[in-house]
Amino acid sequence: MARKDPFAPDPKMRFTFGLWTVGNPGRDPFGEPVRDRIEPWQIADLLGEVGAYGVNFHDNDLISIDATPNQAADIKRQFRKALRDNGLKVPMATTNLFSDPVFKDGAFTSNDAKVRAYAIQKTMRGMDLGAEFGAKIYVFWGGREGSESDATKDPVESIKRTREAMNFLCEYSMSQKYGYRFALEAKPNEPRGHIFNAVTGNMLAFIATLDHPGMVGVNPEVAHEHMAGLNFVHQVAAALDAGKLFHIDLNDQEFGRYDQDFRFGSVNLKHAFFLVKLLEDSRYNGSRHFDAHAYRQSNHADVKAFARGCMRTYMILKEKAERWNRDRSIQSLVHQINRHDRATATLTRNFTKTNARKLHSTVFDRRKLARQPLPYEKLDQLTMDLIMGVR
Ligand code: GCO
Ligand code: MN
Ligand code: MN
């Protein structure tokens with residue numbers, strides 16, 4: 001009997017893909033689609049076949065913006081059947097507020113009050129649709145919420161307009177009893193020259209200014225922070241520390257390039273390793289969503305290889321992270337570099353007048369402290385050996 005594949009997708013990992021990811025036809029700014037468009041129910045079949053846990057959608061990935069009510073009902077019926085046949089969940093839904101020409105200058109931040117109101121209405125309807133399929137996370141990605149020239153839009157006013165929309169929609173979710181948690185996704189640019197709230201850190205600060213901050217968190221994406229040259233693991237750590245990691249978009253990306261949306265782990269293996277380790281060590285239990293697409297050269301068979309690859313790389317890195325945590329040499333170095341001193345730690349844990357007085361008069365041997373060994377080269381090479389598979 002064949003041995004069970006230890007890296008097969010584990011349903012506990014909640015691996016999800018968007019209809020727009022495996023359904024991506026390979027269009028780019030310079031070229032036409034290279035793959036035939038496949039229907040939402042066919043995408044559900046594909047995801048069932050590769051072993052995904054769920055599928056997410058934008059309102060218009062499922063139902064085109066011009067569909068009649070009858071067409072919408074047919075599509076929903078077909079899709080619901082495909083979900084059932086393939087045992088797939090819909091954990092997240094979102095709104096397309098970027099494709100239609102009406103959003104050419106933004107949605108919630110448009111300079112036109114009617115466009116702003118239409119964007120909020122479209123989101124309410126998107127939330128209704130997501131709720132019909134059981135989604136509990138609602139993502140907001142403001143691809144067009146930005147500018148090319150600061151002559152055209154007031155950046156402070158734009159943040160206020162976004163806040164107004166978020167406050168309105170939080171109330172809508174509560175009044176409908178949808179139980180949504182909102183996840184805000186930052187991106188520094190593309191398709192706009194500059195996008196407001198450019199990185200996850202901005203989003204975290206913005207959330208604190210909302211009327212219902214408790215129901216709003218973030219959806220950080222690897223590619224987006226790498227476009228900005230940031231350490232994604234640190235952005236995710238900030239979100240975790242704030243209790244705000246509601247969702248995550250996994251993919252990969254060369255630093256500083258356009259949004260490449262490559263297969264998870266295919267570019268920066270070391271960053272991917274520490275990301276998986278962080279998510280697993282912190283017992284993150286939301287969806288692990290792959291917001292990526294196959295190379296433009298791929299046909300539909302190769303798209304399956306792409307989807308399987310995203311999940312397989314995650315599973316392999318998860319196993320490596322567990323191994324790192326129980327590797328004796330690595331752990332003894334980790335122990336060595338973290339010099340604990342209970343008395344000193346107690347002194348600085350809380351401010352009291354006594355602690356302050358004691359600390360003020362403590363004598364530190366600065367030279368001796370500076371000489372303490374930090375064998376980081378050794379530790380990092382052991383890590384590299386482990387990642388490269390010789391340890
Ligand atoms: C992008 C974004 C989108 C969003 C999606 C869900 O760069 O195009 O990452 O794929 O994640 O719109 O909100
Ligand atoms: Mn993206
Ligand atoms: Mn994304």
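When a ligand or atom number is given, it counts from 1 through the structure's own listing order.
Salt bridge annotation for K160-E164: absent, with no cationic side-chain nitrogen under 4.0 angstrom from a carboxylate oxygen. Using a 4.0 Å cut-off between charged side-chain N and carboxylate O, R125 and D128 make no salt bridge. Electrostatic pairing of E132 and R80 counts as a salt bridge here, judged by a charged N lying under 4.0 Å from a carboxylate O.
Side-chain atoms of N202 come within 3.5 Å of backbone atoms of A198 as a donor-acceptor pair (strictly under, hydrogens ignored).
Note that the CZ atom of R192 and the CZ atom of R144 stand 7.5 Å from one another [nearest 0.5 Å].
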In a simple table, one pair per line, please give the protein and ligand 1 atom names for every N or O pair closer than 3.5 Å, along with the distance.
from, atom 1, to, atom 2, distance (Å)
ligand 1, 7 (O), K187, NZ, 2.8
ligand 1, 7 (O), H224, NE2, 3.1
ligand 1, 7 (O), D259, OD2, 2.7
ligand 1, 9 (O), E185, OE2, 2.8
ligand 1, 9 (O), E221, OE1, 2.7
ligand 1, 9 (O), H224, NE2, 3.2
ligand 1, 9 (O), D291, OD2, 2.8
ligand 1, 10 (O), W20, NE1, 3.3
ligand 1, 10 (O), D291, OD1, 3.4
ligand 1, 10 (O), D291, OD2, 2.8
ligand 1, 11 (O), E185, OE1, 2.8
ligand 1, 11 (O), E185, OE2, 2.8
ligand 1, 11 (O), D249, OD2, 3.1
ligand 1, 11 (O), D291, OD2, 2.8
ligand 1, 12 (O), H58, NE2, 2.6
ligand 1, 13 (O), T94, OG1, 3.4

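D291 is listed as a side-chain neighbour of T21, based on a closest heavy-atom distance under 4.5 Å.
Applying the 6.0 Å contact sphere to CD of E377 captures no more than 12 heavy atoms from other residues, nucleotides or ligands.
Taking distances strictly below 2.8 Å, the protein N/O/S atoms close to the Mn ion (ligand 3) are E185 OE2, E221 OE1, D249 OD2, D291 OD2.
Checked against the 6.0 Å centroid threshold, Y295 and F262 count as a close aromatic pair. The six-membered or imidazole ring of Y178 lies away from that of Y138, with a centre-to-centre distance of 6.0 Å or more. Between F182 and F246, the gap from one ring centroid to the other reaches at least 6.0 Å.
Of all N, O or S atoms in D259, the one lying closest to the Mn ion (ligand 2) is OD2.
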